Amino acid sequence: MSDYLVNGPVNPELITRQISFCDEKNDSGGISVFIGRVRADKTDSKTVVAIDYSAYEEMVNSVAASIKEDIMLEFSDVRSVKLFHSIGNVKAGEISLFVLVEAGHRRQAIDACSMTVELIKEKLPVWKRELYDNDSHEWKRQ
Amino acid sequence: MSDYLVNGPVNPELITRQISFCDEKNDSGGISVFIGRVRADKTDSKTVVAIDYSAYEEMVNSVAASIKEDIMLEFSDVRSVKLFHSIGNVKAGEISLFVLVEAGHRRQAIDACSMTVELIKEKLPVWKRELYDNDSHEWKRQ
Amino acid sequence: MEIKVLFFGVLTEVTGCNVKYYANVSSVGDLRLRIQDDYPEIVHYNYMISLNQQLINGESALNNGDEVAFLPPFAGG
Amino acid sequence: MEIKVLFFGVLTEVTGCNVKYYANVSSVGDLRLRIQDDYPEIVHYNYMISLNQQLINGESALNNGDEVAFLPPFAGG
C-alpha cells in the first residue's frame with residue numbers, strides 16, 4: 001500500500017496526530033492544512049451520498065514524492081510536506097484529502113500548502129466515481 | 001472572556017473537534033486551516049522558551065467579528081470562519097493561533113484562510129512578550 | 001467626568017500599570033499631553049490610540065465614561 | 001514478450017477490466033491500435049498514457065515486462 005493512500009475516509013484523529021507530532025525541534029512557526037471533504041452535492045433529483053476513489057497506487061507514490069520534492073525546492077522555509085488521499089468509499093461529510101505543510105513562517109506555509117493542493121489536483125493519478133441516493137453513479141472530472 | 005481567546009495554548013483536541021463538527025449540511029468541500037506555533041528561536045546566546053500573550057479583550061471581540069464579516073463578504077463561497085488566539089503563557093512548540101475556513105470549493109477556502117491570517121496579524125489587538133531561557137524577556141513587534 | 005485609560009504591551013512597563021483614570025480631560029490630545037507629563041518615556045514608543053475600542057485617526061472629544069487605550073503595534077499570531 | 005496494460009477510472013467500464021496482457025506489440029502506438037480494435041468505444045474518451053508509471057508525450061518503444069496505463073483525467077481531492 002502507498003504511504004500516501006488511506007483506505008476509506010481520512011480520520012480526524014490522524015490529522016490531530018500529525019499536527020501534534022510534527023516538528024520536534026520546535027522551529028516551525030506556521031502549519032498550513034488543507035482538508036478536502038466529500039460534498040453532498042444535489043444535482044437534478046439526486047444527491048451525492050459517497051465518492052468511490054480509485055488510484056494507480058505505484059504511480060501515486062512516485063508522483064507524491066516528486067510533488068513533495070518540488071515544494072521543498074520552491075520554498076526554502078518549508079520543513080515538511082505531508083499528504084494523504086483516500087481510496088475506496090468516502091461518505092458525504094467525510095474527509096478524502098489531507099495536506100499539511102510546516103514552515104518557519106506563515107507565508108511560505110500557506111503558499112506551499114496551496115501549491116501542494118493544486119499539484120495534487122493536477123498530477124495525482126486518482127479517480128472518483130460519485131454515488132447517488134438513487135443508486136446511480138457517475139465518473140467525475142473534477 | 002472573549003469567544004476568540006483561549007487561556008494558554010490551543011489544544012490540538014479543539015482543532016480536531018472543530019474539523020469534525022463543522023458543516024452539518026455536508027456542503028462544504030474545502031477546509032483550510034492555519035496553525036501558528038511558538039518557535040524556539042535562538043538569538044545570540046538565548047533561546048525562546050515561551051511567549052506570554054496579552055490582549056485588549058473587548059476590542060478583540062469586535063475586531064474578530066469584523067474580520068469574519070469582511071471575509072464572508074469578500075468570499076461568497078465561504079460557509080464559516082473560525083479563529084482562536086491564545087492569551088497567557090504558550091511554550092515553544094505549542095499552538096497560539098488557530099484559523100479554520102470552510103468553503104464549498106478549495107480556492108476560496110485557501111484564499112480566505114490566508115486573508116484571515118493576514119487580517120489577524122494586522123488588526124487583532126494582541127501583544128507578545130518572548131521569554132528566554134536566561135530569564136530575560138522582550139516585547140516583540142512581529 | 002472620568003476617563004478610563006488602558007495601556008498594553010510594552011507600554012504597561014513604561015507606565016507601570018494596565019489601567020489608570022483621568023479627570024478633567026476634554027479631548028484625546030489633552031489626554032495624550034497629560035500622559036506624556038506623567039510618563040515622559042512614552043514619547044519614545046510607537047502607539048495607536050483607540051476610543052471605546054475603535055481606533056481613531058485624528059483628534060476626538062472625550063466624554064465621561066469613555067475608555068481610551070494606548071496600543072503598541074499589534075503582534076498576534 | 002508481454003506488456004501489462006492497466007485501465008483506470010471510467011476506462012475500466014469501457015473495457016470491462018482493470019488489467020490485461022498483450023503480446024507482440026512493439027510500440028505504444030501499436031498498443032493503442034490493438035486496444036482500439038478490442039474496445040472501439042475508447043476513442044470517445046480522453047486519456048493519457050503512462051509507461052512504467054511515467055507519463056509519456058509521444059511515441060515510445062515497448063519492451064518485455066513494460067507496464068502501460070490508460071489514464072482518464074485525474075480527479076483527486
Side-chain angles (χ1 to χ4, degrees), chain A residues 9-42 47-51 79 91-107 109-118 120-121 142, chain B residues 9-42 47-51 79 91-107 109-118 120-121 142:
Chain A
V10 177
N11 191 326
E13 295 300 328
L14 166 71
I15 299 177
T16 314
R17 237 176 7 253
Q18 292 293 335
I19 291 170
S20 303
F21 290 165
C22 62
D23 181 34
E24 293 179 345
K25 286 184 296 178
N26 294 339
D27 68 349
S28 72
I31 301 171
S32 184
V33 171
F34 179 79
I35 292 164
R37 294 165 79 245
V38 172
R39 271 194 317 274
D41 276 349
K42 289 173 179 36
T47 301
V48 173
V49 292
I51 290 181
R79 269 72 155 150
K91 295 191 185 63
E94 292 181 332
I95 297 168
S96 58
L97 173 62
F98 166 48
V99 177
L100 183 151
V101 175
E102 266 185 285
H105 300 80
R106 71 183 185 284
R107 270 317 339 146
I110 291 171
D111 292 346
C113 183
S114 172
M115 184 185 276
T116 304
V117 172
E118 295 308 313
I120 287 169
K121 287 274 176 181
Q142 287 302 324
Chain B
V10 177
N11 191 326
E13 295 300 329
L14 166 71
I15 298 177
T16 314
R17 241 181 358 257
Q18 292 293 334
I19 291 170
S20 304
F21 290 165
C22 63
D23 182 32
E24 294 181 343
K25 288 183 296 179
N26 294 339
D27 68 348
S28 73
I31 300 172
S32 183
V33 172
F34 180 79
I35 292 163
R37 294 166 77 246
V38 172
R39 271 195 317 275
D41 277 348
K42 290 175 178 36
T47 300
V48 172
V49 293
I51 291 182
R79 270 71 154 148
K91 294 191 184 64
E94 293 180 331
I95 297 169
S96 58
L97 173 62
F98 166 47
V99 177
L100 182 152
V101 175
E102 267 186 284
H105 300 80
R106 71 185 185 283
R107 270 315 338 146
I110 291 170
D111 292 345
C113 184
S114 172
M115 185 186 279
T116 303
V117 172
E118 294 309 313
I120 287 168
K121 286 275 179 182
Q142 288 300 326

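Chain letters run A, B, ... following the sequence lines, proteins first and then strands; every chain starts at 1. Source: prediction; values computed, not measured.
- Neither the backbone nor the side chain of Leu97(A) comes within contact range of chain B, judged by heavy atoms closer than 4.5 Å.
- Residue Arg39(A) comes nearest to Ser28(B) through the heavy atom pair CG-C, 3.7 Å, listed as atom of the first residue, atom of the second, then distance.
- The backbone N or O of Ile31(A) lies less than 3.5 Å from no partner atom in the side chain of Arg37(B), so there is not a single donor-acceptor pair.
- With respect to chain B, the highest number of heavy-atom pairs below 4.5 Å among Asp41(A), Val48(A), Ile95(A), Ile110(A) belongs to Ile110(A).
- Checked options Ile19(B), Val33(B), Thr16(B), Ile15(B); the residue passing with Ile15(A) is Ile19(B) (criterion: side-chain contact (heavy atoms from CB on, under 4.5 Å)).
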